[in-house]
Number of protein chains: 2
Amino acid sequence: MELDDTDLRILKMIQGDAKFPLEKMADILRIPKSTIAYRIKKMEKSGIIRGYFTSIDPSSIKLDYVIISLVKAKYGKDYHDILGKKLSELPGVWGVYFVLGDNDFIVMGRYKTREDFMKNYLERLMDMPEIERTNTQVVAKTIKETPYVVIENILNPDNK
Amino acid sequence: MELDDTDLRILKMIQGDAKFPLEKMADILRIPKSTIAYRIKKMEKSGIIRGYFTSIDPSSIKLDYVIISLVKAKYGKDYHDILGKKLSELPGVWGVYFVLGDNDFIVMGRYKTREDFMKNYLERLMDMPEIERTNTQVVAKTIKETPYVVIENILNPDNK
DNA sequence: TCTGAAATCAGAATGGT
DNA sequence: ACCATTCTGATTTCAGA
């Protein structure tokens, strides 16, 4: 499905506020709210809109031990497929990226304590025979984390 | 603010579906919907709930060039502060983590093309005098990306 | 802090263009 | 595909426990 400028403007308004009222959008874009509703439904059906989520402050539920791991798999396609799956099923892991370069996987996770991290992450990682080596880094500070913000500049010439 | 079991159950329901109806929650938890509303409002005010977001499929808007950078700053506190800020202001960057270990920053970004990436990210990175060295990896496949899912197992004994 | 009922408002459904 | 109207149901408000 092709997105026109109106679709992008709608997406920009709802990406940071899932409950942005149709009426306000209608006022801003100067088109009827039933049209906005119609377009949003279409984007939901086509998979452009993947869902509506609530962002919860991780530290409010004591998830203060944030880690990022660089993982190198042993050579062979099977190893990669199996390892990718295994990593993404670890408790606390919210991101797994298969990358080209020195490493194979970059893994993002959140844990309550060092003990929680050791038990539920690191020890399980040690048990994976598909791994060649790992390098895990502790996040001292999250400076920015806005994974849902995708549309930054609507008037980007590349969109034309 | 202290979260009890009911709060956590509410959060678990809305984290993956911001529009989960109060009435359904009331049925499941067997408490009145006005109480659910009251508790959600409280969590919004106290900052536990940071907002409601729409997840947009990045590839639907042609953001197919996904990168992760490892950045090492030159020594000195000022360098770190300035660099963290500069990195988080780069277009396309959605995540910046200050980490302990071999690197100082891990930077997550999304771009339309290699050219877009070169122009808006890499070339600007090259211009930052605070940087000692960088190592940028291209994401071949995003295996998992669920940053909003924070509460995995409500019945975790650690919560008690 | 919690609850029930009433009032308000937003979103879904409809049908016509 | 678009839009005006109608209808349904979810959220907000408020008084009382």
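Residue numbers start from 1 in every chain, and the chains themselves are labelled A, B, ... in the order their sequence lines are given, proteins ahead of strands.
Within the 4.5 Å cutoff, the side chain of A/V139 has no heavy atoms near those of the A/M108 side chain. With a 4.5 Å cut-off on side-chain heavy atoms, A/E130 and A/K74 do not count as touching.
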Using a cutoff of under 3.5 Å, can you pull out all pairs of nitrogen or oxygen atoms linking the protein to nucleotides 4-6 of chain C, with atom names and distances?
| from | atom 1 | to | atom 2 | distance (Å) |
| --- | --- | --- | --- | --- |
| C/dG4 | N7 | B/S34 | OG | 2.8 |

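Regarding B/D7, its CG atom lies at a distance of 11 Å from the P atom of C/dT1, rounded to whole Å. Atoms CG (A/D27) and C1' (C/dA10) sit 13 Å apart, rounded to a whole Å. Rounded to whole Å, the distance from NZ on B/K41 to C1' on C/dT1 is 17 Å. A straight line from NZ of B/K24 to P of D/dG9 spans 12 Å, rounded to a whole angstrom. B/I14 has its CD1 atom 11 Å from the P atom of D/dT11, to the nearest Å. Per the geometry, CD belonging to B/E23 stands 14 Å off P belonging to D/dT12, to the nearest Å. Counting to the nearest Å, the P atom of D/dG9 and the CD1 atom of B/I36 are 19 Å from each other. Straight-line distance from the CZ atom of B/R30 to the P atom of C/dT3: 14 Å, rounded to whole Å.
Residues B/E132 and B/Y75 have side chains that never bring a donor and an acceptor to within less than 3.5 angstrom of each other.
Candidate nucleotides D/dT12, C/dG11, C/dC2 were compared by shortest atom distance to the side chain of B/L22, and D/dT12 ranks first. Across D/dT12, D/dA1, C/dC2, the shortest atom-to-atom separation from the side chain of A/K42 is found for D/dA1. Checking C/dG11, D/dA10, D/dC2 against the side-chain heavy atoms of A/T35 singles out D/dC2 as nearest.
Heavy atoms of other residues, nucleotides or ligands lying less than 6.0 angstrom from OH of A/Y79 number 12 at most.
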CA sep, side-chain torsions, deciding dist, call: B/K112, B/N120, side chain to side chain contact (heavy atoms under 4.5 Å, CB included): CA-CA 10 Å; B/K112 288 185 178 167; B/N120 290 307; over 6 Å; no
Checking B/D7 against B/K42 for the side chain to side chain contact (heavy atoms under 4.5 Å, CB included) test, could you report, in this order, the C-alpha distance in whole Å, the side-chain angles of both residues, the deciding distance, and whether it holds? CA-CA 10 Å; B/D7 294 317; B/K42 212 170 74 168; 5.9 Å; no
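Clustering of Ile, Leu, Val, Met, Phe, Trp and Tyr side chains at separations under 4.5 Å places B/V93 together with A/L100, A/I143, B/Y65, B/I67, B/V71, B/L83, B/L87, B/L90, B/V96, B/F98, B/F105, B/V107, B/Y111, B/F117, B/M118, B/Y121, B/L122, B/L125, B/M126, B/M128, B/I131, B/V138.
One finds a side-chain N or O of A/Y38 lying less than 4.0 angstrom from the OP1 or OP2 phosphate oxygen of D/dA1.
Judged by closest nucleotide on DNA chain D, A/R39 is the one of A/K19 and A/R39 placed further toward the 5' end.
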